[in-house]
> 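Dropping a structure here in structure tokens format, bear with me for questions.
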Amino acid sequence: MRGGGLLPVAGLLGVLAAGQWLLPAYHHANLVRIMVLALYATGYNIAFGYTGLLSLGHALFFAAGLYGASFAATLAGLPPGAALAAGTAAGGLAAAAVGVLALRTAGVAFMIVTLMFAQAGWLAILALGPWTRGDEGIVLPDAARALAGFDLSDDAVRYPLALALFAAGLLACLWLVRSRAGRVMVAMRENEERARMLGYDPFRVKLAALAISGTYAGAAGAAYALMFGYAGASLASVQYSILPLLWVLVGGAGTVAGPFVGCLLMFYLIDYASSLTSATLLLVGLALLVLVLFAPRGILGTLREKGVRWLP
Amino acid sequence: MLLALMEGLVSAAVLALTAVGLSLTFGVMRVVNVAHGEFFMLGAVLAWFVTQAFPGAPALGFALALVVCPLCVAAIAVLADLLVLKRLAYEPAPTIVATIGLLYVLQQAALSLFGPDARPVAPPFDFRVQLPWFGYSGYKLCVILAALALLGLVWALLSRTRIGLVMRATRIDREMARAFAINVDLVYAGVFGLGAGLAAVAAVLIVPIRQAHYLMGADPLLLSFIVVIIGGLGSLRGTLAAALLIGLMDGLLSTALFLPPTVARIAATLLVALVLVFRPQGLLGKAAA
């Protein structure tokens, strides 16, 4: 985990940057979505993969970003840049607020407490129908999605923007996990009591990790709202808490690039399976079962275990 | 008010059965089984197929479903355990992925073979019990009684038989159990099957009241997880108490306090979260660990 890592990450980002010109339109559009969701998963990995916090409530933080940005753009009339910042902050604040209460618990109780807060948030979105329009969702007007004269609904514009956000998130994550603070986070995951004995405050470290993770989720949610012009209650449901967990586990928990790999793989797995058969989920489910049998630590995690040490 | 109480009792009874099934797999095997709700769904869907085979005699078909469906579902679960979970050594992270995969497979199988529509199953008998204040469906009362009887059986199995002893031993210390010549693999397969079977029984019981649908597994999964944790891991009484609490809370909050249903559910959800924040081991769980 120490040293290295920068080169492969830079390589990945370079390949993604080349995609702006090289990818066919269909995959170009797909990758915008994948990068935004991978940002979300990268944040989830900071809490789950590195700090060992199995949260089932990240949909709340994603939704905070989603609605934070949407309301900032529609009700307050802020420009997209400010709306993005508002959504990001909303995600971080929501995570910190949940963390203050939820981090009094650990393990399975933490799972359920975060799940309950997220469910309460989802129900609140449904209950506030007059503003959120529930499952139907808010559609952001095009005027709210024009960033300095560029139209965010245009793939040629939002691809570089999504890449910039994802790159910032990925590099920050790499920097974080290689820093002292990152190693303390891993210490919390591996042995909380020993870390406490060495003088670290588990509550503070975990709260910080959760808040950072929530900030990522908020940024991803805000970017999602602005780029795809839609904020709906289904994006706040429990499914959107389980998906980042799945992506992280498939790609490799506790690896920097794992969440992106997992997200990319699941997206194209579903895409490919639905082109083969109408029984999409059957193929996806079987693929997951096979994958987990051969790579129980996720793709990058298992490769790294098998000796490909340079993987980030 | 009383009607809400009765409806709450019916859901609590079914929830308790499902949750005890989850509590067994969770408690003994330490496995987060995301596919538990799909076992529930499978029970309901299979019940529809079985009763459909006996169009003339709903009671006979239903009785048969009550026996056959849990066995089928248990067999599927045992198969999944032996083919997949066992090879993962029951490690938490890979099993989550594996059970999500299993969830997808089972859901798609139900969608492809059963179809996207919700389908009703006729109740085996139809009479109303005349209470002093109002009439009430006799079948629903029987569901409550049947669930109680089954829970009693599970309790007896766990605390009064050798099988239960072996299960508890495995739960407390897997390696020590192995040292005492307990076939841990067999215990795990059995527990996984039993847990899935209990979910299926619960589903068969409820399916004449609520229709069978291929997406019906999500709610029971979430609710039984909550019930198991709130009740305290490994505490059968706690699970029962929590099931009662959760089953009754929605209905009572909305009728007693005249809250709109969604607001009542928000309140109930937050209440559950706060209970755990201030009592992480659950209502009746032991403090340590």
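Chain identifiers are assigned alphabetically (A, B, ...) following the order of the sequence lines, protein sequences preceding nucleic acid strands; residue numbering begins at 1 within each chain. Just so it is clear, the model here is predicted, and its values are computed rather than measured.
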> Of all heavy-atom pairs between Leu281(A) and Tyr104(B), which one has the smallest distance, and what is that distance?
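Scanning both residues, the minimum pair turns out to be O-CB, 3.5 Å.
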> So which heavy atom on Val277(B) is nearest to which on Thr105(A), and how close?
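Looking at all heavy atoms of both residues, the shortest contact is CA-CG2, 3.8 Å.
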> Which of the residues Thr99(B), Leu102(B), Val97(B) is involved in the greatest number of heavy-atom pairs with chain A at under 4.5 angstrom?
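When all of Thr99(B), Leu102(B), Val97(B) are compared, Val97(B) has the most.
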> Taking side chain as everything from C-beta outward and backbone as N, CA, C, O, which of these in Val238(A) sits under 4.5 Å from a heavy atom of chain B? Side chain, backbone, both or neither.
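Contact with chain B is through the side chain of Val238(A) alone.
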> Which bit of Leu54(A) is near chain B, if near means a heavy-atom gap under 4.5 Å: side chain, backbone, both or neither?
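Side chain only.
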> Between Phe117(A) and Leu270(B), is there a side-chain heavy-atom distance shorter than 4.5 Å?
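SC-SC contact between Leu270(B) and Phe117(A) confirmed.
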> Please find the pair of heavy atoms, one from Pro94(B) and one from Val292(A), that lie closest to each other, and give the distance.
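Smallest interatomic distance, heavy atoms only, reads O-CG2, 3.3 Å.
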> Of Leu222(B), Val272(B), Thr269(B), which meets side-chain contact (heavy atoms from CB on, under 4.5 Å) against Leu115(A)?
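Single side-chain contact (heavy atoms from CB on, under 4.5 Å) partner of Leu115(A) among Leu222(B), Val272(B), Thr269(B): Leu222(B).
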> How many angstroms lie between CG in Leu286(A) and CD in Gln108(B), if you round to the nearest 0.5 Å?
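Rounded to the nearest 0.5 Å, the CG-CD separation comes to 10.0 Å.
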> Just how far is it from atom CD of Gln119(A) to atom CD1 of Ile226(B), taken to the nearest 0.5 Å?
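Taking CD in Gln119(A) and CD1 in Ile226(B), the distance rounds to 7.0 Å.
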> Chain B heavy atoms under 4.5 Å from Leu56(A): which part of the residue, side chain, backbone, both or neither?
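Neither part; nothing is under 4.5 Å.
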> Of the listed residues (Leu288(A), Leu101(A), Leu123(A)), which shares the most heavy-atom pairs with chain B below a 4.5 Å separation?
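Among Leu288(A), Leu101(A), Leu123(A), the one with the most close pairs to chain B is Leu123(A).
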> Taking side chain as C-beta onward, heavy atoms only, is Leu249(A) less than 4.5 Å from Ile100(B)?
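They are not in contact (no side-chain heavy atoms under 4.5 Å apart), so the answer is no.
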> Take atom OH of Tyr268(A) as the centre, draw a 6.0 Å sphere, and report whether it contains more than 12 heavy atoms from other residues, nucleotides or ligands.
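More than 12 heavy atoms, drawn from other residues, nucleotides or ligands, come within 6.0 Å of this atom.
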> So which atom in Ala127(A) and which in Ile266(B) form the shortest heavy-atom distance, rounded to 0.1 Å?
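Looking at all heavy atoms of both residues, the shortest contact is CB-CD1, 4.2 Å.
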> Would you name the heavy atoms of Ile112(A) and Ile229(B) that are closest together and state the gap between them?
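Minimum heavy-atom separation between Ile112(A) and Ile229(B): CG1-CG1, 3.3 Å.
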> Might you point out which heavy atoms bring Leu88(B) and Pro296(A) nearest each other, and give the distance in Å?
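Closest approach of Leu88(B) to Pro296(A): CD2-CB, 4.3 Å.
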